[in-house]
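Note sheet for the following structure.
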Amino acid sequence: MLNIPTRWCNLTVILLIAAQSSAFSLEKPNYNVDKSDPIQNCWWKSGVFYQIYPRSFMDSNGDGIGDLRGIIERLDYLHDNGIDGFWLSPIFKSPMADFGYDISDYFAIQPEYGTMDDFDALVAAANDRGLAVILDFVPNHTSDEHEWFKKSEMREPGYENFYVWHPGRPHPQDKSARPLPPSNWVSFFRGSAWQWSELRKEYYLHQFSIKQPDLNYRNPAVVEKMKEVMRFWLARGVAGYRIDAVPTLFEVAQDVNGQYPDEPLSGNTNDPEDPGYLVHIFTQDRNETLDMVYQWRAVTDQFQQEHGGRERIIMAETYSPIEIAMRYYGNDTVPGAQIPFNFHLITDLKQNMSAIELQSTIEYWLEHMPKLNSVVPNWVLGNHDQHRVASRFGNDMIDIMNMILLSLPGVSVTYNWIQQPAMLVQKNTSTQHGTLNEPPSSGILQRMLDFPPEIIHGFLSHQTLPK
């Protein structure tokens, strides 16, 4: 039985009426697309995409770690629930300093997840069920254990400038002392975004962990190498990529003296170690970043032209201001990411929100969308970086939020979209999101409400299949 608070009973009516009104038309394209039409390549335009965190999804061999074979065992679960495709959090070889977002080899599978044969079997089994496989592409940085970084640190020819290196600023009091960091830039993981290498005697940039040095996208060799990575996995059958940390790909170029500028203070905190201490005008959402996304779209489009099949897609992770986020869609002449993630249901809504606040948040994205026939909206209620719906909005809001998402036009990307009360989480717990827009007749909504509590944190045993 649905658990809907009295104060929200009218909200469903409001939004269903709004969905048929001018509030949701706004001279936008028709989102009621036929996903079976191969000419329009619109299979994804009202798609339901399920994010899988491999480490905790399903363990097939009893070692306590989820794996690719485990995912294969549960593909029928995804298919039976109307999922169109799934994207895998990183499965590449990694020392796991950041749970796979520190990649040491883009062309190899992390051994604890399986082998390349396991991956090929997963793609084949998914395709047999009409499921698209999307990979999590992490282009901003590698692991400091990647061979590229080791070669760059040693100044090996061809790799000297694969990463963002700088000798630093001279120490004002002691010229014989180690130079100071090149700028005041702050890492998302707190502290300086610059780390000194004793081997190279220079600083390298890391916008995330010190174990995650930033690649240098002003080096054409880096750009081409990452396109090679994309083509490699496309050739193995993936249907596209979710691109991690898109806004940080480029930082401002050095000035005529070879220096980087300091970023201005935000005034939001007095903690200089906090990334919110600065306004990131020199390290995020550069125009070059937009162009790089357009180039990656060209790679996927070219692959489809050469090899046929369905349109390969790009999902872009960006928490950028709305005007910038919309530019990731592309423009009149150059297509961009089909799905630049819309996180406003996460960032703009609080537990005690009103129905009007929710409606305004929905309309906010729709009103800003470019008037291009090729684009559709998308909706993200949570992800592996966010607390679950129950934690953010309360147990009594789980059902109604999922019902609203089922009613919205466009693309949904989900993980643990059942969002049941037992899924309450504590701070820093890895969580993901839920958005569905298949019609209730597909059976998704009912099954979403009927899962037993023993499986809501992933398939942890061989006995807990959804009925």
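Worth saying up front: this structure is predicted, and the values here are computed from it rather than measured.
Screening Asp144, Thr142, Asp214 for a side chain to side chain donor-acceptor pair (under 3.5 Å) with Tyr163, the sole residue that qualifies is Thr142. Of the options Leu345, Leu408, Asn378, a side chain to side chain contact (heavy atoms under 4.5 Å, CB included) to Trp365 is made by Asn378 and by none of the others. For the side chain to side chain contact (heavy atoms under 4.5 Å, CB included) with Arg242, the lone residue among Ile339, Val138, Asp136 that qualifies is Asp136.
Ring centroids of Phe303 and Trp233 are separated by 6.0 Å or more, keeping the two rings apart. The ring of Trp165 has its center no closer than 6.0 angstrom to the ring center of Tyr159.
Taking the side-chain hydrogen bond (donor to acceptor under 3.5 Å, both in side chains) definition, one finds that Asn161 meets it with nothing, sequence neighbours left out.
With a 6.0 Å radius and a threshold of 12 heavy atoms from other residues, nucleotides or ligands, Phe107 has its CZ atom above the threshold. Around the NZ atom of Lys93, the shell of radius 6.0 Å holds no more than 12 heavy atoms that belong to other residues, nucleotides or ligands. The local environment of CE in Met154 is sparse, with at most 12 non-hydrogen atoms from other residues, nucleotides or ligands closer than 6.0 Å.
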Inset, instruction - Please lay out, stage by stage, how Lys211 and Glu145 fare under the test salt bridge (charged side-chain N to carboxylate O under 4.0 Å, His left out). - result: CA-CA 8 Å; Lys211 297 282 291 179; Glu145 297 181 32; 3.1 Å; yes
Legend entry - Evaluation steps, salt bridge (charged side-chain N to carboxylate O under 4.0 Å, His left out), between Arg297 and Glu311: CA-CA 11 Å; Arg297 172 65 185 273; Glu311 180 177 357; 3.1 Å; yes
Legend entry - salt bridge (charged side-chain N to carboxylate O under 4.0 Å, His left out) evaluation trace for Glu224 with Arg231: CA-CA 11 Å; Glu224 183 53 39; Arg231 296 186 187 103; 3.1 Å; yes
Inset, instruction - Could you walk me through whether Tyr203 and Val164 pass the side-chain contact (heavy atoms from CB on, under 4.5 Å) test, one step at a time? - result: CA-CA 8 Å; Tyr203 286 94; Val164 182; over 6 Å; no
Inset, instruction - Any chance you could lay out the side-chain contact (heavy atoms from CB on, under 4.5 Å) test for Val246 and Thr289, step after step, and finish with the verdict? - result: CA-CA 7 Å; Val246 171; Thr289 298; 4.0 Å; yes
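Salt-bridge annotation for Lys225 and Glu228: present, with a side-chain N of the basic residue lying under 4.0 Å from a carboxylate O of the acidic one.
Minimum heavy-atom separation, Gln304 to Gly309: NE2-O, 3.1 Å. Heavy-atom minimum distance, Asn127 versus Gly237: ND2-O, 4.4 Å. Smallest separation of non-hydrogen atoms from Pro90 and Gly100: CB-O, 3.2 Å.
Sorted by first and then second residue, the ring pair (Phe, Tyr, Trp, His ring centres under 6.0 Å) pairs with a member in residues 316-337 read Tyr319-Phe343; sequence neighbours excluded.
Atom CE in Met96 sits 5.5 Å away from atom CZ in Arg55 (nearest 0.5 Å). Atoms CE and CZ, from Met397 and Arg392 in turn, are 11.0 Å apart once rounded to the nearest 0.5 Å. Interatomic distance, CD1 of Ile322 versus CE of Met369, reported as 9.5 Å (0.5 Å rounding). In this structure, CD1 in Ile346 is found 7.0 Å from CG in Leu381, a value given to the nearest 0.5 Å. To the nearest 0.5 Å, the span separating CG on Leu358 from CD1 on Ile404 amounts to 4.5 Å. We find the NE2-CD distance between His206 and Gln195 to be 5.0 Å, quoted to the nearest 0.5 Å.
Taking the six-membered ring for Trp and thresholds of 30 and 60 degrees, Tyr241 and Phe137 have ring planes inclined between 30 and 60 degrees apart. Under the 30°/60° scheme for interplanar angles, the aromatic rings of Trp296 and Tyr217 are found to stand perpendicular. Using cut-offs of 30° and 60° for the angle between ring planes, the Phe208 and His141 rings count as tilted.
Side-chain contact of Asp98 with Gln212: a donor-acceptor pair under 3.5 Å is present, judged by distance alone. A donor-acceptor contact closer than 3.5 angstrom is absent between the side chains of Gln305 and Asp301. A donor-acceptor pair shorter than 3.5 Å can be found between the side chains of Ser197 and Glu153. Side-chain contact check for Asp348 and Thr361: no donor-acceptor pair (N or O, by modelled atom type) lies under 3.5 Å.
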